[in-house]
Protein chains: 2
Amino acid sequence: MKKTRNTQKQDFVIDILTNAKHTMSVEAILKAMPIKVNKTTVYRILERFAEKGKVHFVTGEDGKAYYALCNDCNIKHEMHNHIHFQCKSCKKVTCLPYEIDVPELKNFEIQETQFLMIGICDMCIS
Amino acid sequence: MKKTRNTQKQDFVIDILTNAKHTMSVEAILKAMPIKVNKTTVYRILERFAEKGKVHFVTGEDGKAYYALCNDCNIKHEMHNHIHFQCKSCKKVTCLPYEIDVPELKNFEIQETQFLMIGICDMCIS
DNA sequence: GTATTATTGCAACATTGTTGCTTTAGTGTA
DNA sequence: TACACTAAAGCAACAATGTTGCAATAATAC
Ligand SMILES: [Mn+2]
Ligand SMILES: [Mn+2]
Ligand SMILES: [Zn+2]
Ligand SMILES: [Zn+2]
């Protein structure tokens, strides 16, 4: 495997995601950066982290990618079979501690899963 | 509810989706049209169909929306709790006849679900 | 046939993400 | 510390998907 370097900007991304209560879009991560960083840089940092299994993402109903640290992820199976929830009101995407039993699919090779539920979150519900 | 009209272009979209073996992106639907149709028109036709429950869509890992007719959908609950599978090789998104049991989420109002599995489909597997 | 207005077309735009190339800076070695 | 190597970051231009406002068209009712 290729060598990697530790950089300030990578650390910032980790810090931001560590303190995040929800998953974050690239746009949100950029805004949370304490210094100015190019968006391409953030895209590539997240890409590297995703390859290493440090981070996972869900594609929201809006087509945007939302990133989260892989803390409690099912890394041993290299999947992230927990549910995500996207709120139609505040748009936030949350990782939920519910695992989904992945069915056996004859002749299909399952590599990843994205389980997304959509509705109104606990904070926005009146 | 507002009045609707029957148009040739709406019928074409229904025909195309009826004969489709997989879900279809707007781009694919446009290409399958027997006559030239504006993309905005297709977006709006699909939007109206989705509201009526004639059609549902999944957002692929690539962020694109993939549409399918609601034939066997769980329309009584206004949800589409079956699994979808996106192939990393041929990119096709397929509706699969597996239902997912949606967990009860205290203080969350679940309106829709999108369950996506990603990997290699039965046609692309060697 | 005429009026009404849902549907379509068009052009301009917004957003998200990608690519190729240059520049910067992290790391190991002398 | 100085230097070489090259991963990481910056930049600009681009691609792809989807959206908006308004004008033109055509389905339906009378
Ligand atoms: Mn998650
Ligand atoms: Mn489906
Ligand atoms: Zn919310
Ligand atoms: Zn395939």
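Please read these numbers as outputs of a predicted model, since none were measured by experiment. Reminder, nothing fancy here: chain letters follow the sequence lines and each chain counts from 1.
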In whole Å, what is the span from the [atom1] atom of [X] to the [atom2] atom of [N]?
X	N	atom1	atom2	value
Leu46(A)	dA8(D)	CG	C1'	14 Å
Tyr43(B)	dA16(D)	OH	P	12 Å
Leu30(A)	dG17(C)	CG	P	11 Å
Lys39(B)	dA15(D)	NZ	P	14 Å
Asp62(A)	dA16(D)	CG	C1'	16 Å
Lys36(A)	dC11(D)	NZ	P	8 Å
Lys91(B)	dT17(D)	NZ	C1'	16 Å
Ile14(A)	dA8(D)	CD1	P	13 Å

*For the residue pair Met33(A) and Lys9(A), what are the closest heavy atoms and their distance?*
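Reported closest heavy-atom pair: CE-O, 3.9 Å.
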*If you take all heavy atoms of Ile29(B) and Val13(B), which pair is closest and at what distance?*
CG2-CG2, 4.4 Å
*asked:* Strictly under 4.0 angstrom, non-hydrogen atoms only: write out the protein contact profile of nucleotides 25-30 of chain D, one letter per nucleotide from the 5' end, B, S or -.
replied: -BBS--
Out of [options], whichever nucleotide has its closest atom nearest the side chain of [X]:
X	options	result
Glu27(A)	dT16(C), dG9(C), dG17(C)	dT16(C)
Arg44(A)	dG9(C), dA9(D), dA12(D)	dA9(D)
Lys64(B)	dG20(C), dG18(D), dT19(D)	dG18(D)
Asn38(B)	dG9(C), dC11(D), dT19(D)	dG9(C)

_Under 4.0 Å, counting only non-hydrogen atoms across every strand here, what does Lys9(A) touch: a base, just sugar-phosphate, or nothing?_
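Sugar-phosphate, no base atom in range.
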*asked:* Test of understanding: with ring pair (Phe, Tyr, Trp, His ring centres under 6.0 Å), list the residues that count as partners of Phe85(B), not counting sequence neighbours.
replied: Phe108(A)
_Students often mix this up, so state it plainly: with edges at 30° and 60°, are the rings of His56(B) and His82(B) parallel, tilted or perpendicular?_
perpendicular
_Hydrophobic clustering (ILVMFWY, side-chain heavy atoms < 4.5 Å, transitive) - are Val37(B) and Ile14(B) grouped together?_
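As far as the 4.5 Å side-chain criterion goes, Val37(B) and Ile14(B) are connected within one cluster.
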*Between Phe115(B) and Thr113(B), does a side chain to side chain contact (heavy atoms under 4.5 Å, CB included) hold up when you go through it step by step?*
CA-CA 6 Å; Phe115(B) 297 120; Thr113(B) 59; 3.6 Å; yes
*asked:* To the nearest 0.5 Å, what is the distance between SG on Cys121(B) and CD on Glu109(A)?
replied: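 Separation between the atoms: 11.0 Å.
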_Phosphate contact (dT7(C) OP1 or OP2) by Thr41(B) side-chain N/O below 4.0 Å_ = no
_If you assign Tyr67(B) and Gln10(A) each to the DNA chain D nucleotide with the nearest heavy atom, which residue ends up on the more 5' nucleotide?_
Gln10(A)
